[in-house]
Amino acid sequence: MASVQNPQEVAQRAQVASVRIDVWLWSVRQVKSRSAATAACRAGHVRINGEPVKAATALKVGDTVRYRVEGFDRLLEVTRLIAKRVSAPVARECYIDHTPARPSPLEAPAAIVRDRGTGRPTKKERRQLEALIGHSNR
C-alpha cells in the first residue's frame with residue numbers, strides 16, 4: 001500500500017548539493033522542458049551573477065539567475081537547489097523573484113510609423129527621428 005507523501009518531504013528528498021542551471025530552470029518550472037532551458041543557455045538568455053553561462057554550469061544557493069523570456073528579464077535568487085520537477089507551490093519556495101514589474105502598453109514608447117511607399121527618410125527627417133528617440137552621433 002502506497003503512503004501519501006507531503007510535497008515538502010518530496011522537495012526535501014529532491015534537494016541536492018549541486019545542480020546544473022538547465023535542470024534547475026526546468027525543475028522550478030521556469031521553462032517547459034529541459035531542452036528549452038538548454039537552448040536558452042546556448043542563446044545567451046541565461047546569466048548567473050551577471051555572467052553568461054552554459055547549460056552545464058553548476059548553480060549554488062544565493063546565486064542570482066537572470067533569465068530572458070518574451071523580451072523581458074526574470075531575476076531569480078536561488079534559495080534551494082532541486083533536481084526533480086515538483087509542484088508549482090513547492091517550486092516557488094526554491095527562489096525569490098526580484099523581477100521588476102513589466103511596463104504597461106501605455107507606458108511603452110510609441111513605434112515610429114512611416115507611410116508605405118514614402119521611401120527612405122530624408123536627412124532632415126532622420127535627424128528629427130534621432131532627436132525624438134534621443135540618439136546623438138555628435
Side-chain angles (χ1 to χ4, degrees):
M1 179 151 69
S3 64
V4 177
Q5 295 178 345
N6 183 359
Q8 298 291 342
E9 293 172 8
V10 174
Q12 290 293 353
R13 270 191 264 129
Q15 191 170 354
V16 292
S18 170
V19 67
R20 292 168 50 123
I21 183 64
D22 60 341
V23 173
W24 187 81
L25 284 171
W26 169 75
S27 62
V28 295
R29 298 178 169 266
Q30 295 300 309
V31 291
K32 290 187 178 187
S33 67
R34 232 184 105 188
S35 60
T38 304
C41 290
R42 271 196 212 119
H45 298 302
V46 179
R47 292 175 174 258
I48 297 177
N49 300 326
E51 298 294 323
V53 295
K54 294 183 178 181
T57 303
L59 193 62
K60 301 181 305 254
V61 173
D63 283 345
T64 301
V65 176
R66 182 180 295 264
Y67 170 57
R68 189 152 190 85
V69 59
E70 296 176 5
F72 293 96
D73 285 345
R74 303 252 358 234
L75 294 172
L76 308 172
E77 181 183 336
V78 180
T79 57
R80 184 187 307 167
L81 298 177
I82 57 173
K84 298 290 181 187
R85 196 164 171 108
V86 293
S87 65
V90 176
R92 270 187 238 111
E93 296 174 0
C94 297
Y95 61 88
I96 300 171
D97 194 355
H98 296 292
T99 306
R102 289 187 180 183
S104 72
L106 299 176
E107 295 172 356
I112 298 171
V113 180
R114 290 181 46 84
D115 292 332
R116 188 175 174 100
T118 57
R120 294 177 57 183
T122 63
K123 193 173 199 177
K124 180 179 179 182
E125 290 172 336
R126 191 189 74 233
R127 287 184 177 160
Q128 289 172 343
L129 288 172
E130 288 173 352
L132 181 66
I133 294 173
H135 293 289
S136 176
N137 293 337
R138 299 170 206 256

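Note that this is a predicted model, so its numbers are computed, not measured.
Counting only heavy atoms from C-beta outward, the side chains of V65 and W24 approach each other to under 4.5 Å. Looking only at side-chain heavy atoms (C-beta outward), V61 and R80 stay at 4.5 Å or farther from each other.
With sequence neighbours excluded, the residues forming a side-chain contact (heavy atoms from CB on, under 4.5 Å) with I96 are E77, T79, H98, listed by chain and number. For R68, the side-chain hydrogen bond (donor to acceptor under 3.5 Å, both in side chains) partners two or more places apart in sequence, or in a different chain, are D73.
Here the closest non-hydrogen pair linking L81 and V78 is CD2-CG1, 3.7 Å. Across every non-hydrogen atom of A37 and V31, the tightest pair is CB-CG2, 3.6 Å. The two residues S27 and A83 come nearest to each other via the heavy atoms CB-C, 4.2 Å. The two residues V86 and A91 make their nearest non-hydrogen contact at CG2-N, 3.7 Å. Between R120 and E125 the shortest heavy-atom distance is O-OE1, 4.5 Å. For Y67 against Q30, the heavy-atom pair with the smallest separation is CE2-O, 3.8 Å.
In this structure, the separation between OG1 on T57 and CD1 on I48 is 5.5 Å, given to the nearest 0.5 Å. Between L59 atom CG and R20 atom CZ the span is 12.0 Å, to the nearest 0.5 Å. Expressed to the nearest 0.5 Å, how far CD1 of I82 lies from SG of C94 amounts to 3.5 Å. D97 CG to L75 CG: the interatomic distance, rounded to the nearest 0.5 Å, is 8.0 Å.
Under the 4.5 Å side-chain heavy-atom criterion for Ile, Leu, Val, Met, Phe, Trp and Tyr, F72 and V46 are members of distinct hydrophobic clusters.
Counting heavy-atom neighbours within 6.0 Å of R102 CZ, excluding the residue itself, gives a total above 12.
Checking side-chain atoms of T38 against main-chain N and O of A55 turns up no donor-acceptor pair under 3.5 Å. Listed for the R85 side chain is a donor-acceptor partner under 3.5 Å among the backbone atoms of W26.
The stretch residues 44-63 participates, sequence neighbours left out, in no salt bridge (Lys or Arg N to Asp or Glu O under 4.0 Å) pair at all.
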